[in-house]
Amino acid sequence: MAVLQAMVLSSTFCIALNDVPDEGTVALQALRVLQGQLGHRDYFIQTPLSGDYWVAAWFSVFGSSLESLRLYFITEMALLVACLQWTSAQLLRRGWSELPALAFLCNAPFCWYIASPRWDACLWIMLALSQVNSGRRWWLTGAGVGLAALTQHPAGAAACAGIGLAMLLQPKPTWQEIRLFAGGVLLFWFPYVLFLASQGLVSNFLYDTIFFNLTNYVSPVPYDWRAFGDNFRASWGLFAHGEFWPGLLTLGYACTDVSTYGCWFLTILLGLALALRERRVLPLAITLTLLFLTLLEIMRPNRYHFNFHLPLVLMVMAYIGSRCGRLGVGAAVVFLAAHALVLLGHRTSNASHNQPVSLPNGTLYLRSPGRAEALRRIAEVNASIPAREKMFVFPDDPSVQWLLGRGPTTREVAAAVCFYTFTQFQAIRQSLDEEKVENLLFIPLAFSPDSYPAVTARQFQEQQEWLVEYFTTNYTLTTSVVGVSFYRRKVLP
């Protein structure tokens, strides 16, 4: 398993951080930490602070570069697979216990984002679950949940509710176990709250991480279940045109889509029914934690958000299959075969990322020649701007800002269209003036109805145009290349 894990994870190295705008958010915030800044005071952050500090500590050792962040991803995935194997060995008998880790390894190459507090929280939750069967070490389970909440508080809260309820539902719960669990949770949270209070940041923390998310970020989106049929239709079309190998790979994607994501809620219900019948604390803790995590994701349900809970889903699926006799064994064989095809598909996709773009913070490998050429042109213009000068990339592409070697400039890392409030846009413009930011780079966003269900394409475009006008009052357009615009401050300091 260790050899297979190393081979699969190393295959991700050239495509990890695959030109996704949000990838740069944590990287820029980690740079702020290294500059001595404090979240909720010096910059806006939607999650607790620990995620930034993990990456900042990593940067302090390995440097702030794309290669360093890829190594961070591979290390975290390796630890996550190890915890998944450890917990599965306690949940399932030999033979079945290897299934979740093998299936997750096949998906690991595309487990973006690579620097996300969600993956950090998933790792802490897996560590917490691995200690559920450890007798009197409930405080370690609580500590893992507390660390998950310090990284991504909704996930930590879901794990706390799931494991806590599982403890109460076991045949003979004891108050000592509950006290140990609660003490472990508070082991990190109590000092954290005291620290926030000493800095006068409790109200900022509550607004940034809870009130803002509830009133601006979350928006109920009907889940498009038809998407799970797209790969089946695509594979049928490829077979019909005589393209056997691409059709087979696409069929593998279709099988994993339907079996994992398409049966998500059914998996939870069946797993919970089995766990309640057996009344074993570990199956109860896993299924209830997954249930509460899923209820939270209903606020913005899509495959990307569900992806962060995939390790738990795979354990529950294996748990159900191990109780289904020969039918379960047959389903497991098909399931693993489909995931093996997915892994081959990832390798094929990896090879297609053959457009290298050399940027100040590392080399990005892209599939699209057009996108690669656009980034090269942007990099050329960026190279003509003195390194000491500041640049703000808007409305929402912190990855480019970080890859270009430009550090954080404003209190908000971006100017998220249709998510941020007018007060935040005002704060960004004020920061541009106070920090005397010399350069702006406008990279227009494409409208996506899945990401912005509450607005129309026209409203989205109008707000982008308004942001350009609002932010560039004191700037002059200097260069326009490949659809993006560079602006320079009219009166330089």
Side-chain angles (χ1 to χ4, degrees), residues 2-35 50-82 105 107-120 122-123 151 343 346-369 371-380 382-383 387 391 393 397-408 413 441 443:
V3 174
L4 179 62
Q5 178 174 318
M7 291 173 60
V8 172
L9 291 177
S10 64
S11 74
T12 71
F13 199 80
C14 76
I15 61 169
L17 202 145
N18 191 20
D19 191 29
V20 181
D22 285 357
E23 295 279 24
T25 300
V26 175
L28 286 177
Q29 290 173 174
L31 291 181
R32 292 181 184 273
V33 171
L34 293 175
Q35 293 171 1
S50 63
D52 293 352
Y53 280 84
W54 299 130
V55 180
W58 187 270
F59 280 173
S60 67
V61 176
F62 297 100
S64 172
S65 69
L66 190 53
E67 287 68 27
S68 171
L69 209 56
R70 287 169 176 154
L71 185 59
Y72 179 90
F73 166 77
I74 291 174
T75 303
E76 186 160 57
M77 287 294 108
L79 291 172
L80 189 53
V81 172
L105 268 176
N107 282 279
F110 274 25
C111 283
W112 46 278
Y113 301 141
I114 66 170
S116 171
R118 284 175 170 268
W119 280 128
D120 299 339
C122 183
L123 176 59
T151 307
L343 179 59
H346 288 334
R347 296 286 298 191
T348 303
S349 177
N350 193 341
S352 71
H353 288 74
N354 54 7
Q355 300 289 327
V357 180
S358 181
L359 299 166
N361 265 353
T363 300
L364 195 65
Y365 294 87
L366 302 175
R367 180 185 302 168
S368 167
R371 175 63 175 169
E373 181 59 27
L375 278 178
R376 291 190 190 103
R377 296 289 300 278
I378 291 173
E380 289 173 2
N382 177 69
M391 178 184 293
V393 179
D397 209 333
S399 280
V400 170
Q401 184 166 328
W402 177 67
L403 288 168
L404 292 176
R406 304 291 172 174
V413 73
L441 170 57
I443 303 178

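Everything quoted here is computed from the prediction, not taken from an experiment. Only this structure's heavy atoms are used, side chains among them; waters, hydrogens and symmetry mates stay out.
- Rounded to the nearest 0.5 angstrom, Ser65 OG and Leu359 CG are separated by 12.5 Å.
- Residues Thr151 and Trp54 are in side-chain contact: their nearest non-hydrogen atoms beyond the backbone lie under 4.5 Å apart.
- Between the CZ atom of Arg70 and the CZ atom of Phe62 there is a distance of 16.0 Å, given to the nearest 0.5 Å.
- Under the 3.5 Å distance criterion, the side-chain polar atoms of Gln29 are left unmatched by any main-chain donor or acceptor of Asp52.
- For the pair Val33 and Phe59, the minimum side-chain heavy-atom distance is 4.5 Å or more.
- The two residues Thr363 and Pro356 have their closest heavy-atom pair at CG2-CB, 4.0 Å.
- For Gln35, the side-chain contact (heavy atoms from CB on, under 4.5 Å) partners are Gln37, Pro408, not counting sequence neighbours.
- Under the salt bridge (Lys or Arg N to Asp or Glu O under 4.0 Å) criterion, Arg118 pairs with Glu297, not counting sequence neighbours.
- Between the CG atom of Leu123 and the CG atom of Leu79 there is a distance of 6.0 Å, given to the nearest 0.5 Å.
- Annotation: the span from Tyr53 atom OH to Asp120 atom CG amounts to 15.0 Å, rounded to 0.5 Å.
- Checked by atom type and distance alone, the side chain of Arg32 never pairs as donor or acceptor with a backbone atom of Gly407 at under 3.5 Å.
- Across Gly63 and Ser68, no two heavy atoms sit closer than the pair O-OG, 2.9 Å.
- Between Val26 and Pro117, the closest side-chain pair of non-hydrogen atoms falls below 4.5 Å.
- Here the CG-CG distance, from Leu375 to Leu404, works out to 8.0 Å after rounding to the nearest 0.5 Å.
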When you look at Leu69 and Val55, which way does the side chain to side chain contact (heavy atoms under 4.5 Å, CB included) test go after all the steps?
-> CA-CA 8 Å; Leu69 209 56; Val55 180; 4.2 Å; yes
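- When all heavy atoms of Leu66 and Trp402 are compared, the closest pair comes out as N-CH2, 3.7 Å.
- Listed here is the closest heavy atom pair of Arg371 and Asp397: NH2-OD2, 4.1 Å.
- Between Ser399 and Gly24, the shortest heavy-atom distance links the atoms OG-N, 2.8 Å.
- Distance CZ/Arg406 to CG/Leu28: 12.5 Å, rounded to 0.5 Å.
- Put simply, the side chain of Pro360 does not reach to within 4.5 Å of the side chain of Leu403, judged on heavy atoms.
- Between Ala56 and Leu34, the closest heavy-atom pair is O-CD2, 3.6 Å.
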